[in-house]
Engineer: 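Okay, here's the structure, questions in a sec.
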Amino acid sequence: MESAAAPTAAPVRTSRADPRFAVGGPSRLSERAADEYHYVRRDLRNIAVLVVVMAILLGAAVVAFSVLGIGPK
C-alpha cells in the first residue's frame, strides 16, 4: 500500500509590505506620477471646452438651417 505524502505548508512571509503601496494613505500615486498628473487635468479641461464649443456650433447650425429653410421639412 502506498502512503500519501503529507502536503507541505506554504512558507510564511515575515517581511512587511512596502508602505508605499498601502491603501490607507491619502494617495497611492508615486511622487513622479503625482507630479505628472496635472497633464491629465489639463487634457480633461480641454476636452470639456471642445465639447461645449461643439454643442454651441451644433445649436447655431440647427438655428441657421431652420431660419434659412435648408433642413428637412
Side-chain angles (χ1 to χ4, degrees):
M1 197 175 0
E2 294 179 25
S3 64
T8 59
V12 177
R13 287 188 177 187
T14 57
S15 65
R16 295 191 53 168
D18 191 346
R20 291 179 296 171
F21 299 110
V23 177
S27 175
R28 293 187 299 185
L29 293 174
S30 67
E31 290 181 25
R32 182 174 179 233
D35 290 340
E36 294 179 3
Y37 188 67
H38 68 277
Y39 293 115
V40 175
R41 281 190 245 154
R42 186 172 22 175
D43 289 343
L44 290 175
R45 184 193 66 215
N46 290 341
I47 291 169
V49 168
L50 288 174
V51 167
V52 169
V53 168
M54 288 172 36
I56 292 170
L57 289 174
L58 179 61
V62 167
V63 169
F65 274 51
S66 65
V67 168
L68 295 174
I70 300 173
K73 296 177 183 176

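Values below: all heavy atoms of this structure, side chains included; hydrogens, waters and symmetry mates excluded.
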Engineer: Output the rest of the hydrophobic cluster of Val49: all Ile, Leu, Val, Met, Phe, Trp and Tyr residues reachable through side-chain heavy-atom contacts under 4.5 Å, sorted by chain and number.
Structural biologist: Val53, Leu57
Engineer: If I take atom CZ from residue Arg45 and atom CG from residue Leu50, how far apart are they, to the nearest 0.5 angstrom?
Structural biologist: 11.0 Å
Engineer: Donor-acceptor pairs are to be reported for all side-chain atoms of residues 63-70 against protein atoms at under 3.5 Å, with residues two or more places apart or in another chain.
Structural biologist:
| residue | atom | partner | partner atom | Å |
| --- | --- | --- | --- | --- |
| Ser66 | OG | Val62 | O | 3.2 |
| Ser66 | OG | Val63 | O | 2.9 |

